[in-house]
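On a predicted model such as this, the values are computed, not experimentally measured, just so you know. Chain A is the first sequence line, chain B the second, and so forth, proteins listed ahead of strands; every chain is numbered from 1.
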Amino acid sequence: MTSNSLVRPVLHYVCLDMLVDVVFPLRLSPLTYRVPEGLPHDITGRIVKAPLMHGSRFGLAVDVRMGPGDESIKIKELLDVHDTFASATHLKFLKWLSEYYLSPAGLALKSSFFEEAVSQQTDRRKSKKVVDSTFAGSLPEISGMISPAVVSGILNRVKACSYSALVYHAQDLESEYATLFEMLRQLPADLRGIVVLVPETGFIKKAATFLEQIFGQRLVVLHSKLGKNERAESIKKIISGNSDVILGTRSAMLAPLPHASFIVVIEEQNRSYKGEEGLRYNARDLAVMRAFIDKSCVLLSSICPSIETDFNIRKGKYVQLAKISLQSSEKRPRIKIVTFRTKKQSELSLSSEVINEAGNLLQKKERVLFLVGRKGYSLIRCEDCGHIESCGNCSIPMIFYKSIGMLKCHHCGHERRSSESCGECGSQRIRPFSAGTERVMEDVREALKTPALLVQKARISSPPAKEFNSNNPGLSDFAPFVIGTSLAKRKVGVENKFSAAVLMNIDLLLAQPDFRAYEHAFQEIIEVSQMVKREGSLLIQTKSPGSKVLKCMKHYDFETFADLELSQRKDLDYPPYSRLVLFSVFGKAGGTDLTHLWRVVRSVRDDAVSIFGPVEVPSASKAYGQCHHILLKSRDSRKLHEMAKTLLSGLECDKRIKVVVDVDPLKI
DNA sequence: AAGGCTCGGCGT
DNA sequence: CGCCGAGCCTTG
């Protein structure tokens, strides 16, 4: 402090300036500007123009306050003030978003369609009305599937206009959609600000057709597959207030809606709601937080709720609507657990029971779906030393593609020609094991004398079967046997469900090294059961039919399964009893300064937080050859968050490494 | 994002 | 010795 400030304190007091924090859609924290005379003073939440570096940019004014104008840093002046982008509650939401996911405010803003909003600011020329092909297609049929108790339960909560989180555990997808649409139809006409989230773009078309019937021009769609102009158009409609009903995928939860009165998350357990790059938010969690901030109602619906959601119901944080008994399974496909142990590698990948059932259905011209869970032909194992052919970079098993005689690494994309002998001991006795789609195709052809249709890639939003084409087959095309990985599972229409589905290797799913493996396997069963006719059957091939999980699956017994799962999670202190933050530290191959890494990790110790790692993991990044994981786990989410923040700033001191933080990771 | 700045490789 | 380009750094 110089004597200057001591002799002129009063002057300082009088000459307080109006200051504003501005967030730019860049990897950058808020910057402070002075608001000059002549500009409006009510600027929080508005788009402003401000000098930045050598030029000027649009940013969002997030906080206005009075403050001393002549500190050591030179404060530049705001240039211009434009329209409102974010309401007060939306601002709170954005702030929470960047803090919770440990991301610079600017990145959260960038993910929140700010640039689209600004493009409207500069470019006011009318873009031609996109007459939406999105709204083509027929209405989904509604029969007697609607649950009136659920509909009225939701309506009562929505009308209460206070925060509440509801869960609708539906019996099947058809009744889930039918009930939700009926409920949306019955909403008060003056209720403004509705968000409906679906897990993937493939679900949008049908939902849009339906919602447009109810809301007309109030509806906008918002998802990642929209073009730049279409997206800007949707954002413009939302900001102007012309449209206040948003249907979209995860990113739609970040739309600049002034107030959300009601948010629906369809299939809330779906992992697509969690981002795997950029700002790694979980749209389902955002929905709950947005509803909390806006003091409104959020509805999580699902045919198989996540364990987190079930836990929150048990704790009383969420309210479950008209609990249905999942064990009343008359209307569901029968689930058969088929014991199947391969003794010899040469044996078929299909059990005789599966072959019989499929053969019978084939005679009746009925269709069967085989879900395999692995692409390619198989893995390769040495019968002498037990070595499994693996990728040199990732040290994970490589997939054998018989048709081209290649081994491929699914993780890094590395390919090499398959060899005649074991890479470890040189033995010639190497054999395929653990069947993939190619192998199952071969076996189906051999055992049932009928070729099967291999669904290679999932078609997400293609029009119905009118463009039948054997080069580009889809699930709706007619073929007696369809084979695919679980990627191929899609919502199939009521009219083209399968008579039976076979889950070939549930054991693979159950053996995943992830504490959510059982949960995912259970969800997989429920999802697959939706592709089978009610009177059809679902066959699950397994080596260990006695497992408790499979017993629950057989009876669609979600409650018992959740009991089991929760008690295990509690014993091991896993979510939802604790929370996780996963750090991925990337460095040039061999160049990661491990001593620095360890020093930072050691410096942040806290008894309430467990730290695992750093451990080296295969790096999928091309730019960085090395990746280390550090996992933080704690029951105390505040302390966990604090430590994650400290650790992040500690790690970021080393400029040679790149750090990616994943709060509440789904895959660990 | 984008202009400035540093540092290292390479050419004369 | 000097020029050029890649990548890093900063933004009030």
Contacts of A/L666 meeting side-chain contact (heavy atoms from CB on, under 4.5 Å) (sequence neighbours excluded), chain-then-number -> A/R271, A/K274, A/R516

* To do: Report the relative orientation of the aromatic rings in A/H641 and A/Y100; use parallel for angles under 30°, tilted for 30 to 60°, perpendicular for over 60°.
  => parallel

- Cation-pi check, A/R280 to A/Y101: give yes when NZ or CZ is under 6.0 Å from the six-membered ring centre and within 45° of the ring axis, no otherwise. no

Hits for side-chain hydrogen bond (donor to acceptor under 3.5 Å, both in side chains) against A/Y574, two or more places apart or cross-chain, chain-then-number order -> none

Residues A/D636 and A/R638 bridged, charged N to O under 4.0 Å = no

Protein heavy-atom contacts under 4.0 Å, written 5' to 3' over nucleotides 7-12 of chain C as B (base), S (sugar-phosphate only) or - (none), form the string --SBBB

To the nearest angstrom, the CG-C1' distance between A/L107 and B/dA1 comes to 12 Å

